[in-house]
Amino acid sequence: MLFDHGAHAFTHYGWFVCLWVLTVSFQYGYHTSALNQLQAVITCQHPSTAVPQHYGLPHAYPLTSLFTVGGLFGSLFANLAMDRYGRKGATRLSAVFNAAGSAMSGVAASVAPIALGRFLVGVAAGIGICVGPIYLSEIAPAKIKGSLGVLTQLAIVIGIMVTQGMGFGLATPTQWRLVLFISFALSAIQYFVSPMIAESPAYLSRKGHKDEQEYVVRRLWGEQAGSTGRGREEGSDERLLTPENEFNEIPGSGQRAAITIPELLASPDLRRPLLTMVFAMSSQQTSESLISRRILVLYYSNNILSKSLPNFAPYVSLGITVVNFLMTFPPIFLIERVGRKKLIQWSVAGALVSHLAVGYGLNSGWVTLSSIAITTFVMSFAIGLGPIPFVIIPEVAPFHAVSAISSIALSLNWTVNFLVGVVFLQLRNFLAHGDSMKEGRVFYVFAAVLFCSALSFLRLYRG
């Protein structure tokens with residue numbers, strides 16, 4: 001079990017390090033949702049007219065796109081930060097960018113500073129979402145490695161949920177900046193606490209810091225981990241320091257230097273793990289974009305809920321996030337029992353059926369079916385497609401290539417998110433030909449894309 005004590009459990013200090021690492025995932029979710037909650041007051045669309053202009057910004061600009069562009073930029077260069085400064089150093093760098101971006105947006109009185117701040121926050125999210133899953137995997141005892149990896153997705157969902165909850169009270173012309181200042185404060189605390197945080201044992205091993213590695217292992221897993229840094233249970237020869245896959249390398253025995261993205265793309269030996277993660281992230285983001293960009297919420301509020309409830313969408317959005325949050329707990333306890341591949345298969349099957357049901361419900365005017373299908377889609381996503389791709393990044397990649405593969409996979413994640421936001425409405429209108437009873441056709445297309453990407457992933461993944 002995840003919280004058992006023993007040779008494969010964290011010490012209290014280990015959990016402290018884990019929470020510190022998860023802060024970057026929380027910030028990713030926090031800022032994914034922040035602009036959705038604050039857009040009306042930031043662009044001065046709030047009904048109050050008795051507020052000085054400096055509390056809001058006079059025009060609407062594509063700030064969401066700047067966050068995505070920043071995320072893409074951060075992910076592309078995250079491997080360089082991880083390999084040069086370590087997992088801890090890259091996490092600190094993410095905290096610095098997030099603090100700077102949040103503060104800049106929080107004090108902004110014009111479009112330019114808030115736009116730049118949004119870009120910097122995106123860079124922080126891009127770095128953080130690359131390093132977080134790898135860092136967690138490398139500090140985790142082997143028996144709870146998968147369960148701990150699911151916490152990345154849980155932290156993201158909690159960040160989204162917190163922002164949505166804060167939006168009900170702070171999305172006002174005089175208080176919206178507090179949402180950004182809270183994020184700044186959290187990143188500042190994360191940065192100043194960092195001297196207390198241990199570096200990844202696997203990274204220390206690669207750098208040849210044997211004594212420090214052994215000390216960190218004992219602090220994370222307890223004295224029973226042993227001086228070799230390979231704490232074992234009785235009768236087990238499972239290694240803890242590196243991902244459990246065929247590419248594992250024993251420290252000091254012919255290790256290869258960390259590779260760059262161009263070297264990764266040119267290597268035939270690394271094509272399989274690279275394509276595995278490409279299709280995993282494509283499958284994840286094809287579905288997640290429908291949630292994170294509130295497409296399902298808009299459909300639910302505009303096409304399913306009564307027209308007499310025009311302001312109900314924020315509550316629907318929060319409700320969907322709560323469902324996502326609750327359904328992220330089962331894989332924490334199931335992943336080591338059922339397996340990664342089985343959870344993904346269940347998740348994809350549920351998501352595909354839900355896509356088809358949403359489309360059919362919209363086309364036929366069957367409100368109940370559409371409502372249930374949206375809920376089952378979110379539940380299906382949460383048990384597999386959401387958390388599992390983050391878990392398997394360090395498991396399918398060799399240690400010398402994990403940073404580069406993570407950068408490419410997460411860069412694709414940002415790219416797909418952007419494309420879904422750009423293409424969805426145009427594709428819906430094209431397929432519907434102006435007929436509101438044919439707008440569900442777009443979900444059939446997304447079902448087909450998910451089926452193809454998930455099938456390719458499952459054929460490649462050996463988990």
Side-chain angles (χ1 to χ4, degrees), residues 2 18-37 64 67-68 71 94 98 121 124-126 128-130 132-133 135-136 146-168 179 182-183 186 280-281 283-297 300 313-335 340 343-344 346-347 350-351 354 374-393 410 413-414 416-417 420:
L2 180 58
C18 176
L19 291 175
W20 185 83
V21 175
L22 287 171
T23 302
V24 294
S25 300
F26 173 87
Q27 294 278 28
Y28 169 83
Y30 190 95
H31 285 280
T32 295
S33 178
L35 198 63
N36 289 333
Q37 311 308 312
T64 300
F67 176 70
T68 304
S94 175
N98 192 81
V121 166
I129 205 62
C130 283
Y135 203 163
L136 286 180
S147 298
L148 201 72
V150 176
L151 298 184
T152 294
Q153 179 68 13
L154 183 63
I156 292 171
V157 176
I158 291 174
I160 294 172
M161 189 166 58
V162 167
T163 312
Q164 289 175 339
M166 292 170 60
F168 291 108
V179 175
I182 289 171
S183 177
L186 185 59
M281 285 301 172
S283 302
Q284 182 199 64
Q285 201 58 37
T286 299
S287 299
E288 185 179 25
S289 297
L290 299 180
I291 302 173
S292 63
R293 287 185 173 272
R294 305 176 75 198
I295 291 173
L296 288 177
V297 174
Y300 195 94
Y315 298 95
V316 175
S317 181
L318 180 59
I320 287 177
T321 304
V322 169
V323 172
N324 197 355
F325 167 74
L326 294 175
M327 290 305 297
T328 305
F329 282 94
I332 293 177
F333 301 98
L334 291 176
I335 188 169
R340 285 94 162 127
L343 283 176
I344 281 284
W346 292 351
S347 180
S354 299
I374 287 174
T375 303
T376 58
F377 170 75
V378 176
M379 295 170 65
S380 299
F381 174 83
I383 66 170
L385 283 168
I388 301 302
F390 293 124
V391 174
I392 66 174
I393 291 175
L410 273 302
N413 195 300
W414 290 100
V416 173
N417 183 289
V420 170

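Residues Pro389 and Ile344 come closest through the heavy atom pair CD-CD1, 4.4 Å. Pairing each heavy atom of Gly132 with each of Val24, the nearest pair is CA-CG2, 4.5 Å. The two residues Ser25 and Ala155 make their nearest non-hydrogen contact at CB-CB, 3.8 Å. Residue Met327 comes nearest to Ala382 through the heavy atom pair CB-CB, 3.5 Å, listed as atom of the first residue, atom of the second, then distance. Of all heavy-atom pairs between Ser354 and Ser380, the closest is OG-OG, 4.4 Å.
Residues passing the side-chain hydrogen bond (donor to acceptor under 3.5 Å, both in side chains) test with Ser94, sequence neighbours excluded: none. When the side-chain hydrogen bond (donor to acceptor under 3.5 Å, both in side chains) test is applied to Ser183, the partners found at least two apart in sequence or on another chain are Gln27, His31, Asn98, Ser102. Every residue meeting the side-chain contact (heavy atoms from CB on, under 4.5 Å) condition with Val21, not counting sequence neighbours, appears here in chain and number order: Val17, Tyr135, Leu136.
Classified by interplanar angle (parallel below 30°, tilted 30° to 60°, perpendicular above 60°), the ring pair Tyr28/Phe67 is tilted. Using cut-offs of 30° and 60° for the angle between ring planes, the Phe325 and Phe329 rings count as perpendicular.
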**OP:** Under the side chain to side chain contact (heavy atoms under 4.5 Å, CB included) rule, what do Phe377 and Ser287 come out as? Steps first, then yes or no, please.
**Re:** CA-CA 9 Å; Phe377 170 75; Ser287 299; 3.7 Å; yes

**OP:** Carefully, step by step, assess Gln284 and Phe381 under the rule side chain to side chain contact (heavy atoms under 4.5 Å, CB included).
**Re:** CA-CA 8 Å; Gln284 182 199 64; Phe381 174 83; 4.2 Å; yes

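By the 4.5 Å heavy-atom criterion applied to side chains, Pro387 and Leu154 are not counted as neighbours. You'll find the side chain of Phe390 reaches within 4.5 Å of the side chain of Leu410, heavy atoms only. Counting only heavy atoms from C-beta outward, the side chains of Ile335 and Ile388 approach each other to under 4.5 Å. Between Val157 and Thr321 there is a side-chain heavy-atom pair separated by less than 4.5 Å. The shortest side-chain heavy-atom distance between Leu186 and Tyr30 does not fall under the 4.5 Å cut-off.
With hydrogens and angles ignored, the 3.5 Å screen pairs no side-chain donor or acceptor of Ser33 with any backbone N or O of Gly29. The closest donor-acceptor contact from the side chain of Thr286 to the backbone of Ser283 lies at 3.5 Å or more, if one exists at all. Using a distance-only test at 3.5 Å, with no hydrogens or angles considered, no donor-acceptor pair links the side chain of Ser147 to the main chain of Phe333. Formation of a donor-acceptor pair under 3.5 Å by the Ser347 side chain with backbone atoms of Ile383 is not found in this model.
One distance of note links CD1 of Ile160 with CG of Leu318; it measures 11.5 Å at 0.5 Å rounding.
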